[in-house]
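In this chain, residues are counted from 1 in sequence order.
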Amino acid sequence: MAEVMERLHQPAVVGEIIAGILLGPSLLHQVQVTEFTKGLAEIGAIFLLFTVGLEAEPRDLLEVGWVAGLVGTLGVIVPFVLGFGYIMVQSHHNSIEAIFVGAAMVATSVGITARVLADLGVLSTRAARVILAAAVLDDILGMIILAVVSSLSTASGINYVQLVVVTVEAVAFTAIVVAFGSRVVRRLERFVGALRTRNAAFVLSVIICLGFSLASVYIGMAAIIGAFLAGLAFASYSRTWALDAHAGPVSEFLTPFFFVLLGVMVDVTTLARRETLVMVAVVTVLAIAGKIIGCGLGSISLGTKDALRIGMGMVPRGEVGLIIASVGLTLHTISDTVYTVVLFMSLLTTLFAPPFLRIMLRPEPDLPAPPGGGAAASLR
């Protein structure tokens with residue numbers, strides 16, 4: 001399916017998700033969601049974001065820091081308000097369900113966008129740097145919202161002290177790695193050079209990548225954020241130690257498991273009711289519009305084209321929306337209808353963004369090539 005999509009000039013990730021839908025329990029019953037398949041999928045996502053981090057530089061992300069901060073903040077507020085407001089005007093849904101839908105519309109799945117950016121070879125562009133930096137902030141804000149909505153379902157209510165501690169830990173961990181990660185790796189250069197193990201630098205980078213992923217989970221963030229930060233720390237030595245050459249094939253093999261499992265988790269039979277179809281359509285449109293408007297406004301200072309690219313790059317919800325939906329269902333605070341709506345909103349935004357992102361990030365052939373040449377340069 002990935003090959004079919006490539007030949008149709010569409011991102012391979014779309015084909016992988018469709019393959020998961022076809023092979024999943026709702027159609028061909030060939031693949032199930034198990035601990036093993038979930039483990040493969042998560043490792044695939046970790047290696048994807050690690051390789052993306054290897055192609056970024058901390059200083060590049062810091063250069064767009066203030067824009068990324070505005071993009072991440074408005075990209076959270078606008079979709080949440082739209083989702084919450086729509087569910088609240090539906091008479092048969094309560095405020096808790098409205099909060100869950102709003103929360104599911106907040107966090108961006110950077111894995112999908114990162115895959116498209118990597119496939120197009122435009123990770124070094126200004127728009128890509130803003131998207132990646134904003135996605136880190138997005139994950140932190142999404143984590144805080146998820147903690148709040150989860151605590152709304154418990155008898156004890158919101159633990160504000162714990163919420164503040166988790167937030168401080170997440171911000172501090174991200175800031176420390178971005179600011180000092182590459183310096184620590186630089187100090188390891190002599191140590192790595194003295195090792196006799198084959199591909200010692202790559203082995204060390206994988207150990208640190210998995211360690212950072214584990215640390216992210218303990219803090220409360222997604223494991224893929226830790227993997228991305230580990231990639232950032234090694235970015236300056238990626239070519240010197242051939243890390244990209246070694247990590248690339250591993251990522252190419254493991255990453256499709258992540259996107260296929262997103263498709264496997266979809267149950268197409270839940271779309272039997274007309275009311276559900278209408279809600280799915282409306283919530284999906286609001287989710288797309290919320291990110292394009294919110295993130296676009298946050299990056300309008302970069303120009304209309306880059307603002308639209310950034311807005312579209314922040315559209316996919318992917319596994320983040322699915323996690324929030326599953327939390328609500330597990331806690332028995334949202335109905336099966338709302339769960340289905342969030343699930344398909346996550347899927348449709350994931351399928352919607354890559355083709356448009358690919359068109360919007362395509363180099364303009366009629367323009368003369370700028371100094372330095374290349375697709376990435378023409379997209380700055």
Give the minimum heavy-atom separation between G69 and T73, together with the two atoms involved.
O-OG1, 2.8 Å

Cluster check L49, V217: I/L/V/M/F/W/Y, side chain < 4.5 angstrom:
no

All heavy atoms of S301 vs all of V67, minimum pair found to be OG-CG2, 4.3 Å

Could you note down all residue pairs passing side-chain hydrogen bond (donor to acceptor under 3.5 Å, both in side chains) where residues 41-51 supplies at least one of them, sequence neighbours left out?
none

Side-chain heavy atoms nearer than 4.5 Å, only ILVMFWY residues, links allowed to pass through others: does that put L132 and I176 together?
no

Test V282 against Y86 for side chain to side chain contact (heavy atoms under 4.5 Å, CB included), laying out the working first.
CA-CA 9 Å; V282 174; Y86 172 69; 3.4 Å; yes

Rounded distance (nearest 0.5 Å) linking atom CG of D244 with atom OG of S238
3.5 Å

Could you list who else is in Y218's hydrophobic cluster, with ILVMFWY side chains joined at under 4.5 Å, directly or through other members?
L214

L348 side chain near V280 side chain, heavy-atom distance below 4.5 Å
yes

S216: which residues meet the side chain to side chain donor-acceptor pair (under 3.5 Å) condition with it, sequence neighbours left out?
none

In terms of heavy-atom contacts, C209 and A230 come closest through CA-CB, 3.6 Å

Taking side chain to side chain donor-acceptor pair (under 3.5 Å) as the definition, give me every residue that meets it alongside Q30, ordered by chain and number, with sequence neighbours left out.
none

If I take atom CD1 from residue I288 and atom CG from residue L82, how far apart are they, to the nearest 0.5 angstrom?
12.5 Å

Using the side chain to side chain contact (heavy atoms under 4.5 Å, CB included) rule, take S236 and W241 through it: C-alpha gap first, then chi angles, then the decisive distance, then the call.
CA-CA 10 Å; S236 299; W241 291 341; over 6 Å; no

Linking Ile, Leu, Val, Met, Phe, Trp and Tyr through side-chain heavy atoms less than 4.5 Å apart, which residues share a cluster with V81?
I77

Are the side chains of F234 and L54 in touch, meaning some heavy atoms are under 4.5 Å apart?
yes

Looking at CD1 of I208 and OG of S213, how far apart are the two atoms once the value is rounded to the nearest 0.5 Å?
11.5 Å

Residues 179-207, side-chain donor-acceptor partners within the protein, below 3.5 Å, at least two apart:
residue	atom	partner	partner atom	Å
E189	OE1	Y237	OH	3.0
N199	OD1	H246	NE2	3.0
S205	OG	F202	O	2.6

CE/M105 to CG/L286 distance, rounded to the nearest 0.5 angstrom?
5.0 Å

Hydrophobic clusters here meaning ILVMFWY residues chained together by side-chain heavy-atom distances under 4.5 Å, can you tell me if V76 and L70 are in one?
no

Please lay out, stage by stage, how V264 and T37 fare under the test side chain to side chain contact (heavy atoms under 4.5 Å, CB included).
CA-CA 10 Å; V264 170; T37 54; over 6 Å; no

Where is the tightest heavy-atom contact between G83 and V101, given as atom of each residue plus distance?
O-CG1, 4.2 Å

Are V178 and I219 linked, directly or through intermediate hydrophobic residues, by side-chain heavy-atom contacts shorter than 4.5 Å (ILVMFWY only)?
yes

For the backbone of G75 and the side chain of K291, can you confirm whether one donor and one acceptor N or O come within less than 3.5 Å of each other?
yes

Any sub-3.5 Å donor-acceptor pair from R309's side-chain atoms to L357's backbone N or O?
no

Output for pair (L74 CG, M314 CE), nearest 0.5 Å, gives 10.5 Å

Return the minimal non-hydrogen interatomic distance between V130 and A68, and the atom names on each side.
O-CB, 4.0 Å

For a quick test of reading the model, state the closest non-hydrogen atom pair linking A223 to I46 and the distance between them.
CB-CD1, 4.2 Å

What ring-ring contact (aromatic ring centres under 6.0 Å, His included) pairs are there with at least one residue in residues 18-51, not counting sequence neighbours?
none

If you count every heavy atom of other residues, nucleotides or ligands that lies below 6.0 Å from F356 atom CZ, does the total exceed 12?
no

Tell me, which pairs form a salt bridge (Lys or Arg N to Asp or Glu O under 4.0 Å) where one or both residues lie in residues 10-25, sequence neighbours left out?
E16-R115

Can you check whether L232 reaches V177 side chain to side chain, under 4.5 Å on heavy atoms?
no

How many angstroms lie between atom CG of L254 and atom CG of L48, to the nearest 0.5 angstrom?
10.5 Å

Hey, does F258 have a side-chain heavy atom less than 4.5 Å from the side chain of I224?
no

With no hydrogens and no angle check, is any side-chain donor or acceptor of S299 less than 3.5 Å from a backbone partner on L302?
no

Does E6 have any salt bridge (charged side-chain N to carboxylate O under 4.0 Å, His left out) partners at least two apart in sequence or in another chain, and if so, which?
R358

Spell out, yes or no, whether I293 and F80 are grouped together once hydrophobic residues are joined by side-chain heavy atoms under 4.5 Å, including indirect joins.
no

Using side chain to side chain donor-acceptor pair (under 3.5 Å) as the criterion, list what pairs up with E275, not counting sequence neighbours.
H92

pair I17-V260: side-chain heavy atoms closer than 4.5 Å
no

Taking it one step at a time, do V52 and L117 satisfy side chain to side chain contact (heavy atoms under 4.5 Å, CB included)?
CA-CA 9 Å; V52 168; L117 296 173; over 6 Å; no

Residue pair V341 / T284, side-chain heavy-atom distance below 4.5 Å:
no

Taking side chain to side chain donor-acceptor pair (under 3.5 Å) as the definition, give me every residue that meets it alongside S251, ordered by chain and number, with sequence neighbours left out.
T255

Can you tell if the side chain of F212 reaches within under 4.5 Å of the side chain of F228, non-hydrogen atoms only?
no

Kindly write out the residues that satisfy ring-ring contact (aromatic ring centres under 6.0 Å, His included) with F253, not counting sequence neighbours, or none if the list is empty.
F257

